[in-house]
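From a predicted model like this one, the values you see are computed outputs, not experimental measurements.
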Amino acid sequence: MAAADHPPSGPAATTTTAPPGKGLQPGALGLWGNTVIGLGATAPAYSLAATLGYVVLAVHDKAPAMFLVAFAPMLLVALAYRELNRAAPDCGTTFTWGTKAFGPWVGWMGGWGVAVSAIIVLANVAEISAVYTLRFLGLDAAADHLVLRTALGLVFIVGMTWISYRGITISEKLQNLFIVVQLAVLGIVALGALYLVYSGGAGDQAVRPQWDWFSPFGVSGSALAEAVILCIFIYWGWDACLAVSEETKDADRTPGRAALLATVILLVTYVLVAVAVQAYAGFGTTGIGLANEENADDVLTLLGEPVGGAVVSGALLITVAISAASSTQTTILPTARGTLSMAVYGALPQRFAKVHPRLRTPSFGTLVMGAAAVVFYVVLSLVSQNALQDSIASLGLAVAFYYGITAFACVWYFRRTLNRSARDFLLRGLFPALGGLAMLWAFAQSCVDMLDPEYGYTAFGSWGGVFVIGVGMLALGVPLMLLCAVRLRPFFQGRTLDASTPILVPETGEPPIGGL
């Protein structure tokens, strides 16, 4: 094996060898089970309901084009994830790979970016689960009542935390049900809406789909950045496939395939639904028109009644509720495993490395994630509903941050093998680099736009609240990292995890087949 196959390390004599597994249940998931975890984390129905309207307001009829544009960097980053997982199938994902490529400080902050995005989204999907469940039950007054919907949202967080605690197998079975329901309902509604448009039964507001909807040209830089950062959120979550790699058959190969499969399924679903919604609702400023800003919060369920009456309307409401609940659980799963990996390598206190001996789940980390989500949700709900809404708008910053670290980590980690073949140059070098640059641009441009106090619902002096929440949550990781550095010196000195630390396949205890 060439010397380039082993990136240089720090003090090799002090590097420890990672154990074959961390106490999780190896081989519990197959390709589809792993894909389902990734799809569940993206919450397709909820993501469309919460995002599509704002994408249309930003770029008018170019929403399908934005899903295609945002898919490109997602695919490039997914390739980076796949290549890194082939070499180091570890549930720490960004933390582990960032550390091996750039050292402990960047790796730790990458792990923090994953945790921040999870905490933010957990509070919001819990709120959505509660609101849409109450609306489905016809309890609109309760859905508008702060205390009642917050209490129900807490029930969802606690319930999904408990399911995650109970084990990966029960989690997979539940996610299978949730994903089948979501994709089936979205497909039926989208095809039904398009049928009505082409048959002339959709109403005067409807418009026929046009090829120009798929072209990104004619969109300003700021509008493009706003739409792309929204679409990053709508795709975000597929990387959960990699966080459960140590519980998947063929851990060094299957999760990467599942990540690519999940992103393709999401692309097809999002483009189909976006075209159907635009065609049926049209772009009017009144009624169900997409230019009506009152509809921006949810243009998906708005179509339920006109497309299929009370039955379809109810189906869409409960589907969005299920979708958000699904994301609650599949967000806890990977984040708890990320903290497990950080603790195993000494980047977090050892309590986070605790795995339930029978259930084979990261018990302490799972409970901590649930508790953190509860605190964040309660504080933002009771202090400011506007801040809660702005927190979800800021989520794209955290996602772009750690996706970017992962993409660049791929390039740097494999830098000495990029000239080995055209495949390595493209899949380990050029494509991940382009994905990382796209994430860097989206992050920087969005920071500039979010600084505007008119961006979002809150402001802190002359700074926009979305910027303050997004950047502030990331910056909070710095003092926490310094606190860990004082108490956990071996990791930050590069003695527990570095570029040459072997990451072994949990099922076999051997080096990865498709790695370096």
Side-chain angles (χ1 to χ4, degrees), residues 47-48 50-74 76-77 109 113 116-117 120-121 123-124 215-236 270 274 283 290-291 293-299 380 384-405 407-408 434-477:
S47 296
L48 281 166
T51 308
L52 180 56
Y54 291 104
V55 174
V56 173
L57 287 180
V59 296
H60 193 55
D61 59 359
K62 301 286 189 177
M66 294 303 101
F67 290 134
L68 292 171
V69 168
F71 174 75
M74 282 293 143
L76 298 176
V77 172
M109 285 302 297
V116 162
S117 60
I120 290 175
V121 82
N124 284 274
S215 170
F217 297 106
V219 178
S220 69
S222 292
L224 181 65
E226 181 181 356
V228 168
I229 206 74
L230 286 168
C231 291
I232 286 176
F233 161 70
I234 208 173
Y235 280 112
W236 170 67
Y270 291 158
F283 301 95
L290 298 181
E293 294 188 8
E294 295 182 0
N295 299 334
D297 287 339
D298 181 1
V299 299
L380 285 193
S384 172
Q385 279 289 296
N386 288 337
L388 182 63
Q389 294 182 45
D390 278 354
S391 70
I392 198 67
S394 73
L395 178 63
L397 292 179
V399 176
F401 174 76
Y402 82 81
Y403 275 179
I405 288 177
F408 289 127
L434 292 175
L437 289 172
M439 292 299 159
L440 179 61
W441 169 80
F443 183 91
Q445 183 64 56
S446 295
C447 281
V448 172
D449 294 338
M450 292 174 181
L451 267 172
D452 187 344
E454 297 298 319
Y455 193 107
Y457 298 96
T458 59
F460 295 84
S462 60
W463 289 9
V466 178
F467 173 85
V468 172
I469 294 171
V471 175
M473 287 290 287
L474 286 173
L476 179 61

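- In plain terms, the two heavy atoms of A398 and V116 that are nearest each other are CB-CG1, 4.1 Å.
- Taking the side-chain hydrogen bond (donor to acceptor under 3.5 Å, both in side chains) definition, one finds that D452 meets it with nothing, sequence neighbours left out.
- Under the 4.5 Å side-chain criterion, counting only non-hydrogen atoms from C-beta, L474 is in contact with F443.
- Atom CE of M66 and atom CG of L230 lie 11.0 Å apart (nearest 0.5 Å).
- Put simply, CG on N295 and CG on L52 are 11.5 Å apart, with the number rounded to the nearest 0.5 Å.
- Shown here for P73 and M439, the closest heavy-atom pair between the two residues is CB-CE, 4.0 Å.
- Here the side chains of W441 and L224 are in contact, with some heavy-atom distance below 4.5 Å.
- A tilted orientation is assigned to the rings of Y235 and F71, their planes being inclined by 30° to 60°.
- Taking OG from S446 and CG from L397, the interatomic distance works out to 6.0 Å, rounded to the nearest 0.5 Å.
- Here H60 contributes atom NE2 and L290 contributes atom CG; the two are 9.0 Å apart, rounded to the nearest 0.5 Å.
- For V466 against G456, the heavy-atom pair with the smallest separation is CG2-CA, 4.0 Å.
- Across all their heavy atoms, S394 and I469 have their closest contact at OG-CG2, 3.7 Å.
- Looking at every heavy atom in both residues, S117 comes nearest to Y402 through OG-CE2, 3.6 Å.
- Scanning all heavy atoms of the two residues, the minimum distance from V56 to A63 falls at CG2-CB, 4.0 Å.
- Taking 4.5 Å as the limit, some side-chain heavy atom of Y270 sits within range of a side-chain heavy atom of S47.
- The ring-ring contact (aromatic ring centres under 6.0 Å, His included) contacts involving residues 451-477 comprise W463-F467, where partners must be two or more places apart or lie in separate chains.
- Side-chain contact check for I234 versus C231: some heavy-atom pair is nearer than 4.5 Å.
- Going from atom CG of L395 over to atom CG of D390 covers 12.5 Å, rounded to the nearest 0.5 Å.
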